[in-house]
Amino acid sequence: MEIVLGGLGALAALAVAWLVTGFRVVQQYERGVVFRLGRVSGAPRQPGPTLLIPFVDRLSKVNMQVITMPVPAQDGITRDNVSVRVDAVVYFRVIDPVRASVDVQNYGFAMSQVAQTSLRSIIGKSELDDLLSGREGLHRGLELMLESPAVGWGVHIDRVEIKDVALPESMKRSMSRQAEAERERRARVITADGEFQASAKLAEAARTMAETPSAMQLRLLQTVVEVAAEKNSTLVLPFPVELLRFFDSAAQQSAKAVAASEPQPQPQPQPEPEPEHEG
């Protein structure tokens, strides 16, 4: 009887050891791939407790969360022959844990290498203006370049973004001078346009005042009122240019009349030369 009880105790101990050895817990953000004697056994294990056959099964846990992978800065030359240094970031996640465990040795390292080579390739195909201002198209192109090998590894690319574009100091100075010249050009164009519009309005006002001469007098009186409203001790009264022209014309006519009324001096007769006598 004691032998039977001892055997049952040994079997119970073996059963407990088997349960302890084969008991595993898969987290909510993980999936478990079971390899039974080297081959994938069934579908991936879902989150929660799971039992394995000791010394037969091996559980490989695959993280299903979105992975943020920074791409190291890559040096390259753009299509318009500008040396730049560009870095990026890739957001991806595993959608097929079996392929991510079987078809690629380390999908994280593989994605990093593909991202670096793809970034260098996209630099050589793009111009500097595209890297600085047209990044949306570059993001889509880089995402397509990464998506092709990632599908075979059970990985889905969620998003790819270029973080920073480092330029040489000489290029920064050239771009600064270009931007300054562009701003100066716009300022001159705006000033010239304002002067043109002002001259057009002044010409229209001059034509209106020429048709109604009293408008000039009213404008003059309005200007005097505006100046006097400031309580200044000195009052500046504009003098009409037409009056100056009238005085100038009158002075010229008076000078001509005086010159016409004065007698003209008569020319004096010249004495005739005396004949010379021969000796």
Side-chain angles (χ1 to χ4, degrees), residues 65-95 104 106-153 155-209 219 223 226-227 230:
Q65 293 175 311
V66 175
I67 300 175
T68 303
M69 183 185 67
V71 181
Q74 302 296 313
D75 295 321
I77 300 177
T78 62
R79 192 166 60 180
D80 48 355
N81 298 324
V82 179
S83 299
V84 294
R85 187 178 180 87
V86 182
D87 57 353
V89 59
V90 180
Y91 302 90
F92 67 94
R93 57 188 176 88
V94 176
I95 58 176
V104 59
N106 187 338
Y107 63 86
F109 179 75
M111 288 299 303
S112 175
Q113 297 301 310
V114 171
Q116 294 181 39
T117 56
S118 299
L119 183 58
R120 286 194 296 267
S121 177
I122 208 71
I123 291 173
K125 296 178 181 179
S126 306
E127 295 184 356
L128 180 60
D129 293 340
D130 297 332
L131 290 174
L132 296 177
S133 59
R135 295 188 181 181
E136 291 299 328
L138 298 181
H139 294 167
R140 290 191 296 270
L142 191 57
E143 183 176 347
L144 290 175
M145 295 178 67
L146 293 176
E147 190 72 28
S148 178
V151 170
W153 300 335
V155 176
H156 174 70
I157 305 298
D158 285 345
R159 189 177 183 87
V160 181
E161 289 187 357
I162 294 176
K163 294 192 336 184
D164 187 29
V165 178
L167 300 175
E169 292 297 329
S170 59
M171 180 57 63
K172 291 181 180 179
R173 290 193 295 268
S174 299
M175 294 178 67
S176 177
R177 290 195 299 269
Q178 179 184 0
E180 184 178 356
E182 179 65 20
R183 288 192 295 268
E184 183 68 22
R185 182 189 68 84
R186 293 180 181 177
R188 292 183 178 181
V189 170
I190 293 174
T191 303
D193 188 34
E195 293 179 355
F196 175 76
Q197 295 179 8
S199 63
K201 293 297 182 181
L202 289 175
E204 183 179 354
R207 287 192 296 268
T208 303
M209 291 182 179
R219 182 59 182 165
T223 304
E226 292 177 356
V227 174
E230 298 295 334

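Contact of the I157 side chain with the M111 side chain is registered, since non-hydrogen atoms from C-beta on lie closer than 4.5 Å. Contact of the M171 side chain with the L128 side chain is registered, since non-hydrogen atoms from C-beta on lie closer than 4.5 Å.
Legend: salt bridge (Lys or Arg N to Asp or Glu O under 4.0 Å) pairs involving residues 186-205, not counting sequence neighbours, sorted by first then second residue: E182-R186, E184-R188. Within the structure, every pair that satisfies the salt bridge (Lys or Arg N to Asp or Glu O under 4.0 Å) test and touches residues 79-89, not counting sequence neighbours, is listed here: D75-R85, R79-E127.
The number of heavy atoms from other shown groups lying within 6.0 Å of CD1 (I95) is above 12.
The only option from I122, V82, V84 that meets the side chain to side chain contact (heavy atoms under 4.5 Å, CB included) definition with L131 turns out to be V84. When each of V114, V104, V155 is tested with P149 by the rule side chain to side chain contact (heavy atoms under 4.5 Å, CB included), just one qualifies, namely V114.
With sequence neighbours excluded, the residues satisfying salt bridge (Lys or Arg N to Asp or Glu O under 4.0 Å) with D158 are R93. Listed by chain and residue number, nothing satisfies the side chain to side chain contact (heavy atoms under 4.5 Å, CB included) test with L144 (two or more places apart in sequence, or in another chain). Residues forming a side chain to side chain contact (heavy atoms under 4.5 Å, CB included) with A88 (at least two apart in sequence, or on another chain): V71, L119.
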Give every donor-acceptor pair under 3.5 Å between a side-chain atom in residues 160-167 and any protein atom, sequence neighbours left out.
unit_1: E161; atom_1: OE2; unit_2: R159; atom_2: NE; d: 2.3
unit_1: E161; atom_1: OE2; unit_2: R159; atom_2: NH2; d: 2.7

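A donor-acceptor pair is defined here as one N or O able to donate and one able to accept, closer than 3.5 Å; no such pair exists between the side chain of S148 and the backbone of M145.
Taking every heavy atom of both residues into account, S83 and P168 meet most closely at O-CD, 3.1 Å.
In this structure, CD on Q74 lies 10.5 Å from OG on S118, to the nearest 0.5 angstrom. Taken to the nearest 0.5 Å, the CD1 atom of I123 stands 8.5 Å off from the CZ atom of R120.
S176 and E180 are not linked by any side-chain donor-acceptor pair at a separation below 3.5 angstrom, with hydrogens and angles left out of the test.
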Given the rule in the side chain to side chain donor-acceptor pair (under 3.5 Å) test, do T117 and Q113 qualify, once you have shown the distances and angles that lead to the verdict? CA-CA 6 Å; T117 56; Q113 297 301 310; over 6 Å; no
